[in-house]
Amino acid sequence: MFLHLKNILTADEVHSARQLLGDDAPWMDGRTSAGGQALAHKRNEQLAQDSAAARQLRALVLAALHRDALFFSAALPKKIFNPLFNRYSGESNFYGNHVDGAVLHSKATEQWVRSDLSCTLFLADPTEYDGGELLIKEAQGERAIKLPAGDMVLYPSSTVHQVAPVTRGARIASFFWIESMVRSTEQRQLLFGMDMDLLRLRASIGETSPAVVGLTGTYHNLLRMWADT
């Protein structure tokens, strides 16, 4: 599933985040959090996880996710790895092809999180930098993603992906992973499609229509069958 989620953060929230992610923020070499495969391919900066700025920003992003119904429907989150923040600019400007680790340990919460879905929440507008596309390999080719500030992309953690070199300006983003209540990608996609169709049916024929009531029951029975909480 590849999903573009719009306006996860409001313009005011993006502005607040950018104030905390300026040049005086506690940036560190992003390679300190890289695994063996990624170490040779990763050249970026990452906000120190134990900083006051990181704690404030984590709370901001998590609150935004919890109020977004479309995110919940698509991800069905069981655990959310604490949001991290990075910057690509200057000589620290790319992250080569890699696959995200399958199970990740959060220093902030001490949780182990299985990475079913990866998330990139863009905090810089595309006009602020050149390059920096999130490039995701698919069977039919490569998908390039570069979204407005405040928007987020949700995509399978099992994909090979990279961040293209930034040649002007700075690409600033939050990134994190989701362990879903429904582990199977195919089952999650079926549930999401059914939920979106139910929303359209409710709008056209009403909440109490027998068809809507019956299909809502089917959705919840499938979720009950497949979900692990």
Side-chain angles (χ1 to χ4, degrees), residues 4-35 37-68 80-98 100-101 104-109 115 118-136 144-155 161-177:
H4 175 186
L5 295 164
K6 297 181 180 180
N7 301 315
I8 292 292
L9 295 182
T10 67
D12 286 344
E13 288 171 332
V14 171
H15 177 73
S16 296
R18 291 295 298 273
Q19 292 293 105
L20 293 168
L21 291 168
D23 289 336
D24 57 345
W27 294 108
M28 56 190 295
D29 189 336
R31 286 175 292 182
T32 58
S33 66
Q37 180 197 58
L39 190 60
H41 304 287
K42 187 175 185 181
R43 295 290 185 275
N44 67 3
E45 295 174 296
Q46 192 166 304
L47 190 69
Q49 291 190 54
D50 57 356
S51 64
R55 288 191 291 272
Q56 189 172 340
L57 288 162
R58 280 198 296 269
L60 176 72
V61 172
L62 289 171
L65 294 174
H66 287 143
R67 71 179 181 234
D68 193 278
I80 302 176
F81 190 97
N82 61 280
L84 304 174
F85 302 85
N86 58 21
R87 179 171 71 172
Y88 293 81
S89 63
E91 295 184 358
S92 300
N93 67 350
F94 75 98
Y95 194 167
N97 276 328
H98 64 284
D100 292 335
L104 305 161
H105 183 253
S106 166
K107 294 180 181 177
T109 65
S115 61
S118 298
C119 305
T120 299
L121 173 58
F122 289 78
L123 298 173
D125 274 313
T127 56
E128 296 182 65
Y129 60 99
D130 293 332
E133 295 84 1
L134 175 63
L135 303 175
I136 302 174
I145 300 168
K146 188 173 183 178
L147 302 181
D151 287 11
M152 185 173 82
V153 62
L154 193 68
Y155 61 99
H161 55 277
Q162 64 174 303
V163 175
V166 172
T167 57
R168 177 188 65 87
R171 178 196 192 268
I172 300 171
S174 176
F175 65 103
F176 48 96
W177 300 271

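On a predicted model such as this, the values are computed, not experimentally measured, just so you know.
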Nearest 0.5 Å please: distance from the CG atom of L60 over to the CG atom of L65.
9.5 Å
Checking D151 against N7 for the side chain to side chain contact (heavy atoms under 4.5 Å, CB included) test, could you report, in this order, the C-alpha distance in whole Å, the side-chain angles of both residues, the deciding distance, and whether it holds?
CA-CA 5 Å; D151 287 11; N7 301 315; 4.0 Å; yes
Could you measure the distance from the CZ atom of R171 to the CG atom of N86? Nearest 0.5 Å is fine.
6.5 Å
Can you tell me if T109 and N82 form a side-chain donor-acceptor pair at under 3.5 Å?
no
Judged by atom type as modelled, is there a donor-acceptor pair below 3.5 Å linking the side chain of D125 to the main-chain atoms of A149?
yes
Between T167 and N93, does a side chain to side chain contact (heavy atoms under 4.5 Å, CB included) hold up when you go through it step by step?
CA-CA 8 Å; T167 57; N93 67 350; 5.7 Å; no
Can you see whether N97 engages Q162 through a side-chain donor-acceptor pair at a distance of less than 3.5 angstrom?
yes
Can you list the steps and then say if W177 with D100 is a side chain to side chain contact (heavy atoms under 4.5 Å, CB included)?
CA-CA 9 Å; W177 300 271; D100 292 335; 3.0 Å; yes
Can you find a pair of side-chain heavy atoms, one from V153 and one from L134, that are under 4.5 Å apart?
yes
Over 60° means perpendicular and under 30° means parallel, so classify the ring planes of Y95 and H98, tilted if in between.
parallel
Got a donor-acceptor contact below 3.5 angstrom from the S92 side chain to the S89 backbone?
no
With rounding to the nearest 0.5 angstrom, report the CG to OG1 distance, L147 to T120.
8.5 Å
So which heavy atom on L62 is nearest to which on I80, and how close?
CD2-CG2, 3.9 Å
Do V163 and L135 touch side chain to side chain, with heavy atoms closer than 4.5 Å?
no
Just by distance, do the side chain of K42 and the backbone of G96 share a donor-acceptor pair under 3.5 Å?
no
Does the side chain of L9 come within less than 4.5 Å of L123's, by heavy atoms?
yes
W27 to L21 - nearest heavy-atom pair and separation
CZ2-O, 3.5 Å
All pairs passing salt bridge (Lys or Arg N to Asp or Glu O under 4.0 Å) where residues 4-19 contributes a residue, at least two apart
E13-R67, R18-E128
Can you pull the salt bridge (Lys or Arg N to Asp or Glu O under 4.0 Å) pairs that have at least one residue in residues 50-66, sequence neighbours excluded?
none
List the steps, then state whether side chain to side chain contact (heavy atoms under 4.5 Å, CB included) holds for I136 with Y155.
CA-CA 9 Å; I136 302 174; Y155 61 99; 3.6 Å; yes
Results of side-chain hydrogen bond (donor to acceptor under 3.5 Å, both in side chains) for D130 - residues two or more places apart only
R168
Looking at every non-hydrogen atom in both residues, tell me the closest pair between M152 and C119 and how far apart they are.
SD-CB, 4.0 Å
Considering all heavy atoms, the nearest P83-S174 contact
CB-OG, 3.6 Å
Verify, without hydrogens or angle tests, whether H15 (side chain) and A11 (backbone) share a donor-acceptor contact under 3.5 angstrom.
no
Using every non-hydrogen atom in the two residues, find where F176 and F81 come nearest and quote the distance to one decimal.
CB-O, 3.4 Å
Output the distance between atom NE2 (H161) and atom CD (E133), rounded to the nearest 0.5 Å.
15.0 Å
Polar side-chain atom of K146 near backbone of G131 as donor-acceptor pair, under 3.5 Å:
yes
Between R43 and F94, is there a donor-acceptor pair closer than 3.5 Å when you use the side chain of the first and the backbone of the second?
no
Can you tell me how far the CE atom of M28 sits from the CG atom of N44, to the nearest 0.5 Å?
11.0 Å
For V166 and Y88, the nearest pair of non-hydrogen atoms, with its separation, is CG2-CB, 3.6 Å
Minimum side-chain heavy-atom gap F122-I172 below 4.5 Å
no
